[in-house]
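Shown next, in structure tokens, is the structure this report addresses.
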Amino acid sequence: MFPPRARVPEGDAAIRATDSDAALARLSAVRKGYLQDPFITPFVSRAHLEPPRPPLINIGTYVRSEALDELVNEWMALSEQEGAKCQIVSMGAGSDTRFWRIATGPKKDALARYIEIDFPEITTKKAMTIRKSKELSAALGRPEDVSLGSGGTALHSPVYNLLAADMRNPPSESLVPILASEPQPLLSPHLPTLLLFECVLVYMSPNASGAVLQWFTDYFANRTSPQNGPAVLGGIVYEMFALGDQFGKVMVNNLKARNVTLPGAEPYPTLASLPDRFLQHGWEIAKALTLKDIRREYVEPSELERISQLEMLDEIEELELVLAHYAITWGLKFPPKAEELKARWQEWGLKRKV
């Protein structure tokens, strides 16, 4: 007798399931020595029973993580040069551990606010995980300064805020109530602010994702005041692209089998088209690189040598094919009085190491 087939999640549950994939991939990369992250284990159910992922996935996770870390760390360093603390807004954050890695690292004092937004089903689970873990809770500050909200779907602390929203809804319904409610909006328009979209916009319609970026663009452009000075807005997008070729179609069909579609990928068929995510909203600078190029030229040679010793990898061609279909795009929107900025924001970006 055959065992019953595992039920494939449908609708939003299928999208939410991709977060579990990402968490498992990160856990595997940590256990194999590619990355250091002491905070990922609590976010993986029955982590001790999970088998390692293949080397191809571990390497891809490593390249993605290192590149994003470099961009975020440089953003915080530029904010310090600006003489200001910064804000980070991570949308579709899922089980991401970035806040805890920053909060226990050398740049913890660079953060004014760290905000995570995701489906309420995701944020409820994450809030419970945080509350159950002494290590995760300790990074939030004094227990009396930490509280649950919105029926357990939100968690608030002096710096870290976990919020529930469906970003496919109009920003007036999804973002304004949680970020911009007067008289004291959670998100300040007067501090350098970095938006993170890790595998988020690709699951949204182009109209919905465009509305999100336009809302943030307008929020900062319309709130600059003489007494508070200008604030830079930055964004990082990590996503699949170039899905029209043979390998891309295989990726699309594999996701369709899991009831996952990628409506946000259609307007961006090439690497050259990816910066348009930001440029179409009036941002001044936007650049994109594939993970293939990042691995080849933007990772320290000593690091490449180190990770090459961790596992045997025979499928180099397959690895490069996969990495060529994932990209990181970063962009900058300067305030009206950009000449008053102290830091060299225009130099923000990944630096070639080879």
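Since this is a predicted model, take the numbers as computed values, not measurements.
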(request) Kindly determine whether Asp118 and Thr123 satisfy side chain to side chain donor-acceptor pair (under 3.5 Å), including the steps that lead there. (result) CA-CA 6 Å; Asp118 213 320; Thr123 60; over 6 Å; no
Side-chain donor or acceptor of [X] paired with backbone N/O of [Y] under 3.5 Å:
| X | Y | value |
| --- | --- | --- |
| Ser28 | Leu24 | no |
| Tyr219 | Leu187 | yes |
| Asp166 | Ser174 | no |
| Ser90 | Glu116 | no |
| Arg306 | Tyr34 | yes |
| Asn253 | Lys249 | yes |
| Ser137 | Lys134 | no |
| Glu297 | Val354 | no |
| Thr153 | Ser150 | yes |
| Arg53 | Pro51 | yes |

What are the two closest heavy atoms between [X] and [Y], and how far apart are they?
| X | Y | value |
| --- | --- | --- |
| Ile178 | Ala165 | CD1-CB, 3.9 Å |
| Ala112 | Leu191 | CB-CD1, 3.7 Å |
| Leu291 | Gly60 | CD1-O, 4.1 Å |
| Arg344 | Leu78 | O-CD2, 3.8 Å |
| Pro183 | Pro185 | O-CD, 3.4 Å |
| Lys353 | Glu70 | NZ-OE1, 3.0 Å |

Report yes or no: do [X] and [Y] form a side-chain donor-acceptor pair below 3.5 Å?
| X | Y | result |
| --- | --- | --- |
| Ser157 | Asp145 | no |
| Arg26 | Ser65 | yes |
| Glu135 | Trp100 | no |
| His325 | Asp245 | yes |

Atom pair [atom1] ([X]) and [atom2] ([Y]), whose distance is rounded to the nearest 0.5 Å:
| X | Y | atom1 | atom2 | result |
| --- | --- | --- | --- | --- |
| Arg352 | Leu289 | CZ | CG | 8.0 Å |
| Asp12 | Arg168 | CG | CZ | 4.0 Å |
| Ser20 | Leu27 | OG | CG | 12.0 Å |
| Leu195 | Lys333 | CG | NZ | 13.0 Å |
| Glu198 | Tyr238 | CD | OH | 8.5 Å |
| Thr61 | Lys32 | OG1 | NZ | 13.5 Å |

Do [X] and [Y] share a hydrophobic cluster (ILVMFWY, side-chain heavy atoms under 4.5 Å, transitive)?
| X | Y | answer |
| --- | --- | --- |
| Val89 | Val237 | yes |
| Leu233 | Phe278 | yes |
| Leu271 | Trp283 | no |
| Phe241 | Ile236 | no |
| Leu111 | Leu196 | yes |

(message) For a salt bridge (charged side-chain N to carboxylate O under 4.0 Å, His left out) check, start with the C-alpha distance between Asp96 and Arg101, then their side-chain angles and the critical distance, and finish with the verdict.
(response) CA-CA 10 Å; Asp96 188 45; Arg101 288 180 279 131; 3.8 Å; yes
In this structure, are over 12 heavy atoms from other groups packed under 6.0 Å from [X] atom [atom1]?
| X | atom1 | result |
| --- | --- | --- |
| Lys287 | NZ | no |
| Glu173 | CD | yes |
| Glu266 | CD | no |
| Gln36 | CD | no |
| Lys351 | NZ | yes |
| Glu144 | CD | yes |
| Gln309 | CD | yes |

Are any of the side-chain heavy atoms of [X] and [Y] separated by less than 4.5 Å?
| X | Y | answer |
| --- | --- | --- |
| Glu239 | Leu274 | yes |
| Tyr62 | Glu303 | yes |
| Leu162 | Tyr160 | yes |
| Ile328 | Ile294 | yes |
| Tyr326 | Val63 | no |
| Val212 | Met91 | yes |
| Leu319 | Arg295 | yes |
| Arg98 | Leu68 | yes |

(message) Under 4.0 Å between a side-chain nitrogen and a carboxylate oxygen: does that hold for Glu320 and Arg296?
(response) yes
(request) Would you verify whether the NZ or CZ of Lys126 falls within 45 degrees of the ring axis of Phe43 while also being under 6.0 Å from that six-membered ring's centre? (result) yes
(message) Would Phe197 and Thr329 count as a side-chain contact (heavy atoms from CB on, under 4.5 Å) here? Give the steps.
(response) CA-CA 10 Å; Phe197 302 94; Thr329 309; over 6 Å; no
(message) For Arg277 and Ser209: C-alpha separation, side-chain torsions, deciding distance, then whether side-chain contact (heavy atoms from CB on, under 4.5 Å) applies.
(response) CA-CA 9 Å; Arg277 274 218 185 271; Ser209 62; 3.6 Å; yes
(request) Classify the ring geometry between Trp348 and Trp75 as parallel (under 30°), tilted (30 to 60°) or perpendicular (over 60°). (result) perpendicular
(request) Determine, stepwise, if the pair Glu66 / Leu35 fulfils side-chain contact (heavy atoms from CB on, under 4.5 Å). (result) CA-CA 8 Å; Glu66 287 294 289; Leu35 301 169; 3.8 Å; yes
(request) Walk me through it: do His281 and Phe216 pass the test side-chain contact (heavy atoms from CB on, under 4.5 Å)? (result) CA-CA 10 Å; His281 298 286; Phe216 280 103; over 6 Å; no
